[in-house]
Amino acid sequence: MTGAEFLASFITTGELHGLRIGSTLDEVDRVLRHPFVDVVGEEREWLRRDYGLVEFAFNPEPEPEWVMATASVQLHRLASDDDLARAWARSMGVDFPRYTSWEELREELSRTHGVPELKITEQGGILQYRAASSNVSVLVVDAEDEERGFRVGDGDVWSLDLWAPFRAS
């Protein structure tokens, strides 16, 4: 699968390889066979698991189960780490280029069924394309002076974030 196909599926469904908000840490462990680093809050009130390209945040509910609260695809990391894309392709079967432009991703979305409406907001050098129905945001660099190199450039996707909707108690 290409990186653009994977990202279009994520935007459309709010799922990464079948994982979504509410998935347990055990489910993530069964799906992702890739090295990671865990960081746990001092009082075990949260867990962040970083796979290099993908990061998850978990909350401990109900005790002692860790439940996914957010997920993000950190595409900007590919610009400075050639091995990261190769490792992800080997372990997960998704081929990412060093850079993914919003234009390329938008083209893939045009071929994808069920794409949600995207609301655009500007955030000081970043454009956010937010899909409320899937709870996914795409952050795109919007700075003409940013050139590709060891960083992503103008018009490139910085990251994609899956977030849980706010629920009033």
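Computed from a predicted structure; not experimentally measured.
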Chemist: Can Glu104 and Ser101 be said to form a side chain to side chain donor-acceptor pair (under 3.5 Å), step by step?
Modeler: CA-CA 5 Å; Glu104 292 168 290; Ser101 72; 2.9 Å; yes
Chemist: Which heavy atom of Val157 sits nearest a heavy atom of Val152, and at what distance?
Modeler: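 Residues Val157 and Val152, closest heavy atoms: O-CG1, 4.1 Å.
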Chemist: Rounded to the nearest 0.5 Å, what's the gap from CZ on Phe56 to CG on Asp50? Could you check?
Modeler: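 Going from the CZ atom of Phe56 to the CG atom of Asp50 covers 10.5 Å.
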Chemist: Can you find a pair of side-chain heavy atoms, one from Leu75 and one from Thr100, that are under 4.5 Å apart?
Modeler: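 Yes. Closest side-chain heavy atoms under 4.5 Å.
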Chemist: Mark yes when over 12 heavy atoms from residues, nucleotides or ligands other than Gln123 sit less than 6.0 Å from its CD; otherwise mark no.
Modeler: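 Above 12, so yes.
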Chemist: If only atom types and distance count, is the side chain of Arg151 paired as donor or acceptor with the main-chain N or O of Ser80 below 3.5 Å?
Modeler: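 No.
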Chemist: Quick check: do Val28 and Tyr51 have side-chain heavy atoms less than 4.5 Å from each other?
Modeler: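 Counting from C-beta outward, Val28 and Tyr51 do come under 4.5 Å.
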Chemist: Return a table of donor-acceptor pairs under 3.5 angstrom between the side chains of residues 30-38 and protein atoms on other chains or two or more places apart.
Modeler:
from	atom 1	to	atom 2	distance (Å)
Arg33	NH1	Asp29	O	3.3
His34	ND1	Ser91	OG	2.7
Asp38	OD1	Arg49	NE	2.7
Asp38	OD2	Arg49	NH2	2.9

Chemist: Around Glu45, counting heavy atoms of other residues, nucleotides and ligands shown, do more than 12 lie under 6.0 Å from its CD?
Modeler: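 Result for CD/Glu45: enclosed.
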Chemist: Ignoring hydrogens and geometry beyond distance, is a side-chain donor-acceptor pair present between Glu107 and Ser110 at under 3.5 Å?
Modeler: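 No, Ser110 and Glu107 have no side-chain donor paired with an acceptor closer than 3.5 Å.
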Chemist: Find the distance between CD1 (Ile21) and CG (Leu162) and round it off to the nearest 0.5 Å.
Modeler: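 Here the interatomic distance stands at 4.0 Å.
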Chemist: In terms of hydrophobic clustering (I, L, V, M, F, W, Y; side-chain heavy atoms under 4.5 Å; direct or indirect links), are Ile11 and Leu19 co-clustered?
Modeler: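 They do share one cluster, since a chain of ILVMFWY contacts under 4.5 Å joins Ile11 to Leu19.
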Chemist: Arg148: which residues meet the salt bridge (charged side-chain N to carboxylate O under 4.0 Å, His left out) condition with it, sequence neighbours left out?
Modeler: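 Salt bridge (charged side-chain N to carboxylate O under 4.0 Å, His left out) check on Arg148 returns Asp156.
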Chemist: Starting from Val140, can I reach Val136 by hopping between I/L/V/M/F/W/Y residues whose side chains sit under 4.5 Å apart?
Modeler: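 They do share one cluster, since a chain of ILVMFWY contacts under 4.5 Å joins Val136 to Val140.
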Chemist: Show your working on side chain to side chain donor-acceptor pair (under 3.5 Å) between Trp163 and Ser137 and close with a plain yes or no.
Modeler: CA-CA 8 Å; Trp163 38 273; Ser137 291; 3.0 Å; yes
Chemist: Using side-chain heavy atoms (C-beta onward) and a distance below 4.5 Å, is Val94 in contact with Trp88?
Modeler: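 Yes. Closest side-chain heavy atoms under 4.5 Å.
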Chemist: Quick check for you: to the nearest 0.5 Å, what is the distance between Leu160 atom CG and Leu16 atom CG?
Modeler: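 Between Leu160 CG and Leu16 CG, I get 8.5 Å after rounding to 0.5 Å.
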Chemist: Which distance, rounded to the nearest 0.5 Å, do you find between the CH2 of Trp66 and the CH2 of Trp46?
Modeler: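 Between atom CH2 of Trp66 and atom CH2 of Trp46 there are 9.0 Å.
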Chemist: Could you tell me if the side chain of Val39 sits less than 4.5 Å from the side chain of Leu47, heavy atoms only?
Modeler: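 No. Closest side-chain heavy atoms not under 4.5 Å.
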Chemist: Looking at Arg77 and Glu55, does any basic side-chain N land under 4.0 Å from a carboxylate oxygen?
Modeler: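 Yes.
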Chemist: Measure from the side-chain N and O atoms of Arg48 to the backbone N and O of Ala57, and report whether any donor-acceptor pair falls under 3.5 Å.
Modeler: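 Checking the backbone N and O of Ala57 against the side chain of Arg48, no donor-acceptor pair under 3.5 Å is found.
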Chemist: Would you say the side chains of Ser159 and Gln74 form a donor-acceptor pair under 3.5 Å?
Modeler: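 Ser159 vs Gln74: no donor-acceptor pair found between side chains.
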Chemist: Taking a hydrophobic cluster as the set of Ile, Leu, Val, Met, Phe, Trp and Tyr residues connected by side-chain heavy atoms closer than 4.5 Å, whether directly or through intermediates, do Leu118 and Phe6 fall within one such cluster?
Modeler: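 As far as the 4.5 Å side-chain criterion goes, Phe6 and Leu118 are connected within one cluster.
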Chemist: So, for Asn59 and Ala69, which heavy atoms are closest and what is the spacing to 0.1 Å?
Modeler: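 Where Asn59 meets Ala69 most closely, the heavy atoms are ND2-CB, 3.4 Å.
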Chemist: Kindly compute the distance separating CZ (Arg106) from OG1 (Thr112), expressed to the nearest 0.5 Å.
Modeler: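 It is 13.5 Å, given to the nearest 0.5 Å.
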Chemist: I'd like to check Thr24 versus Met68 (side-chain heavy atoms, cut-off strictly below 4.5 Å). Are they in contact?
Modeler: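 Side-chain contact under 4.5 Å: no.
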Chemist: Using side-chain contact (heavy atoms from CB on, under 4.5 Å), reason through Glu147 and Asp145 one step at a time and then give a plain yes or no.
Modeler: CA-CA 6 Å; Glu147 295 182 10; Asp145 59 335; over 6 Å; no
Chemist: Show, in sequence, the C-alpha distance, side-chain angles and deciding distance for Leu53 and Leu78, and conclude whether the side-chain contact (heavy atoms from CB on, under 4.5 Å) test is met.
Modeler: CA-CA 8 Å; Leu53 182 61; Leu78 295 171; 3.9 Å; yes
Chemist: Can you tell me how far the CZ atom of Phe10 sits from the NE2 atom of His17, to the nearest 0.5 Å?
Modeler: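 Nearest 0.5 Å value for the CZ-NE2 distance: 10.5 Å.
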Chemist: May I ask you to decide if Thr2's main-chain N or O and Asp95's side chain share a donor-acceptor pair within less than 3.5 Å?
Modeler: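 Side chain of Asp95 to backbone of Thr2, a donor-acceptor pair under 3.5 Å: no, none is there.
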Chemist: Could you go through Leu7 and Val73, starting from their C-alpha distance and side-chain angles, then the distance that decides it, and tell me whether this counts as side-chain contact (heavy atoms from CB on, under 4.5 Å)?
Modeler: CA-CA 9 Å; Leu7 298 173; Val73 180; 4.1 Å; yes
Chemist: Just to verify, what does Tyr129 make a ring-ring contact (aromatic ring centres under 6.0 Å, His included) with, not counting sequence neighbours?
Modeler: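 By the ring-ring contact (aromatic ring centres under 6.0 Å, His included) rule, Tyr129 matches Trp102.
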Chemist: What do the steps show when you test Glu122 against Asp142 for side-chain contact (heavy atoms from CB on, under 4.5 Å), and what is the final call?
Modeler: CA-CA 9 Å; Glu122 187 176 345; Asp142 184 35; 4.3 Å; yes
Chemist: Do Phe150 and Val141 belong to the same hydrophobic cluster, where Ile, Leu, Val, Met, Phe, Trp and Tyr are linked whenever their side-chain heavy atoms lie under 4.5 Å apart, directly or via other members?
Modeler: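 They do not share one cluster, since no chain of ILVMFWY contacts under 4.5 Å joins Phe150 to Val141.
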Chemist: Is Leu105 linked to Ile126 within one hydrophobic cluster, defined over Ile, Leu, Val, Met, Phe, Trp and Tyr using a side-chain heavy-atom separation of less than 4.5 Å?
Modeler: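 No, because Leu105 and Ile126 fall into different hydrophobic clusters, even though each may have its own neighbours under 4.5 Å.
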Chemist: Would you confirm whether Thr12, through its side chain, and Ala8, through its main-chain N or O, come within 3.5 Å as a donor-acceptor pair?
Modeler: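 Pair found, side chain donor or acceptor close to backbone of Ala8.
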